[in-house]
Amino acid sequence: MKLAFFSAKDFDRGAFDDYNARKGHEITYLAAHLNEESVGLAAGHDCVCVFVNDVLNAAVIDGLAALGVKLIAARSAGFNHIDLEAAKRNQIAVVRVPAYSPFAVAEHAVAMILTLNRKTHRAYTRVREGNFALDGLLGFDLHGKTIGVIGTGKIGQVFAKIMLGFGCEVLAYDVAPNFSVREMGVSYQPLADVLRKSDIVSLHCPLLAATHHMINADTLAKMKPGAMLINTSRGGLVDTPAVIEALKSGQVGALGLDVYEEEAELFFEDLSSQVLQDDVFARLLTFPNVLITGHQAFFTTEALQGIAMTTLDNVSEFETTGDSKNRIRGK
Ligand code: NAI
């Protein structure tokens with residue numbers, strides 16, 4: 001198939017070109033994000049291959065249909081950026097990568113916890129400047145602490161297992177509790193109880209209408225005072241101005257974000273020479289107890305290879321059969 005590959009980065013090309021040597025698709029790599037301005041670049045292609053900050057609203061999908069595009073191949077697990085109704089209406093199939101490396105994301109969440117707790121980000125710069133003072137670097141033992149996992153799917157399960165390995169008590173909330181997670185020693189409880197009891201809360205559920213701003217002024221007030229909050233899932237799960245207030249009051253003791261609600265304007269680009277226009281994001285950067293990474297939790301060699309393989313297998317399967325086991329069917 002002919003693929004218009006939007007939001008292409010050099011790291012994508014390596015993994016995709018390697019695997020495509022076996023698949024033989026024609027890939028046009030495009031640096032542009034897919035949106036209403038750039039949709040015309042899909043002309044002459046059967047498929048658009050897209051990432052998390054490409055815009056696939058109804059107008060863009062109508063535009064793709066007018067160009068004869070038959071397939072949207074998402075290089076991600078999450079698909080909250082794709083209007084499935086519009087795709088269905090236009091008879092464009094949507095496929096995704098339901099799992100590549102849950103370890104990549106779970107391990108990144110743990111990296112954020114360890115960094116925020118033991119302040120290794122501050123120690124790194126301090127020691128390089130010859131400052132060996134320990135004031136301000138005090139952490140706590142993870143052993144014996146209570147961890148709340150919101151969403152115990154593929155990533156949440158790996159995360160829970162790692163935290164059990166640290167000797168933590170792990171509580172979980174999920175709309176669909178999983179027996180094998182219980183078997184691991186995790187205790188499912190109502191959301192309010194998980195928030196109230198946990199020293200660290202980590203979000204691993206998808207962004208849906210039901211989960212939009214699930215962390216808000218109300219739920220933040222239910223958390224254990226001074227608890228740490230980690231979000232490696234989707235920015236829209238957290239009401240950022242509310243979390244800023246909670247950081248100011250000390251209700252949230254530390255915050256680790258790999259995702260941000262308005263990240264489409266920022267992440268994956270080098271904006272270091274530009275003036276930051278997002279005042280909410282700028283305020284977050286002023287807190288010493290906030291750690292932000294730019295949607296890099298997935299970013300491991302194994303995950304990139306997995307994404308390339310599943311995406312191109314999805315495209316091949318669709319080309320041969322008109323369907324795919326990784327098709328998102330919507331409602
Ligand atoms: P998954 O589909 O395996 O698991 C999601 C879990 O959330 C399921 O157990 C589901 O029952 C649960 N859930 C659904 N609605 C819920 C609700 N209202 N409250 C509590 N739990 C609810 O998904 P997976 O693979 O574990 O990924 C989780 C999320 O991680 C994805 O949706 C995606 O947004 C994010 N992600 C982030 C990446 C990054 O680089 N930062 C990379 C990959 C995924």
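Just so you know, these numbers use all the heavy atoms, side chains as well, and skip hydrogens, waters and symmetry mates. Start at 1 and go down the list; that is how both ligands and their atoms are numbered.
Salt-bridge formation is detected for the pair Arg327/Asp323: a Lys NZ or Arg NE/NH1/NH2 atom is positioned less than 4.0 Å from an Asp or Glu carboxylate oxygen. Between Lys145 and Asp141 there is no salt bridge, since none of the side-chain N atoms of the basic residue sits less than 4.0 Å from a carboxylate O of the acidic one. Between Glu269 and Lys9 there is a salt bridge, with a side-chain nitrogen of the basic residue lying less than 4.0 Å from a carboxylate oxygen of the acidic one. Note on Arg196 versus Asp193: salt bridge recorded, some NZ/NE/NH1/NH2 to OD/OE distance being below 4.0 Å. A salt bridge does not link Lys88 with Glu85: none of the charged nitrogens is closer than 4.0 Å to a carboxylate oxygen.
Only the side chain of His295 comes within 4.0 Å of ligand 1, judged by heavy-atom distances. Contact annotation: for Phe79 versus ligand 1, there are no heavy atoms closer than 4.0 Å. If you look at Asn178 next to ligand 1, there are no close heavy atoms at all, none under 4.0 Å.
Shortest contact from atom 18 (N) of ligand 1 to any protein heavy atom: Thr211 CG2, 3.2 Å. If you check which protein heavy atom lies closest to atom 43 (C) of ligand 1, you get Tyr100 OH, 3.0 Å. Here the protein heavy atom with the shortest distance to atom 16 (C) of ligand 1 is Val175 CG2, 3.5 Å. Protein heavy atom nearest atom 31 (C) of ligand 1, with residue, atom name and distance: Ser233 OG, 4.1 Å. The protein atom (non-hydrogen) at minimum distance from atom 26 (O) of ligand 1 is Ile155 N, 2.8 Å. Of the protein's non-hydrogen atoms, His204 O, 3.4 Å is the one closest to atom 28 (C) of ligand 1. Regarding atom 7 (O) of ligand 1, its nearest protein heavy-atom neighbour is Pro206 CD, 3.3 Å. The nearest heavy-atom contact from the protein to atom 4 (O) of ligand 1 is Gly153 CA, 3.1 Å.
Summarising the geometry of Leu247 relative to Phe287, their closest heavy-atom pair is CB-CE2, 3.7 Å, with the distance given to 0.1 Å. Heavy atoms only, all atoms of each residue included: His212 and Leu207 are closest at CA-CD1, 3.9 Å.
In terms of N/O distances under 3.5 Å, ligand 1 is approached by Lys154. Of the polar atoms of Asp174, at least one N or O is found under 3.5 Å from an N or O of ligand 1, judged by distance alone.
Taking a cut-off of under 4.0 Å to the non-hydrogen atoms of Arg234, the atoms of ligand 1 that pass are 33 (C), 34 (O), 35 (C), 36 (N), 37 (C). Interface atoms of ligand 1 facing Cys205, defined by a heavy-atom separation under 4.0 Å, are 7 (O), 13 (N), 21 (N), 22 (C). Every atom of ligand 1 with a heavy atom of Asp258 under 4.0 Å away is listed here by number and element: 39 (C), 40 (O), 41 (N). Listed by number with element, the atoms of ligand 1 under 4.0 Å from a non-hydrogen atom of Val105 are 38 (C), 42 (C), 43 (C).
In this structure, Thr232 is part of the shell of residues with a heavy atom less than 4.0 angstrom from ligand 1. Contact annotation: Pro102 has no heavy atom less than 4.0 Å from any atom of ligand 1.
A perpendicular orientation is assigned to the rings of Phe11 and Phe299, their planes being inclined by more than 60° (bins at 30° and 60°).
Under the 3.5 Å distance criterion, the side-chain polar atoms of Gln305 are left unmatched by any main-chain donor or acceptor of Ala15. Although no hydrogens or angles enter the test, the distance criterion places no donor-acceptor pair under 3.5 Å between the side chain of Ser101 and the main chain of Glu302.
Ranked by closest heavy atom to atom 19 (N) of ligand 1, the top entry among Phe298, Phe299, Tyr173 is Tyr173.
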Step-by-step ring pair (Phe, Tyr, Trp, His ring centres under 6.0 Å) determination, Phe5 to Phe51: CA-CA 9 Å; Phe5 192 111; Phe51 200 46; 9.2 Å; no
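Val69 and Met1 fall into different hydrophobic clusters, where Ile, Leu, Val, Met, Phe, Trp and Tyr residues are linked whenever their side-chain heavy atoms come under 4.5 Å apart, directly or through other members.
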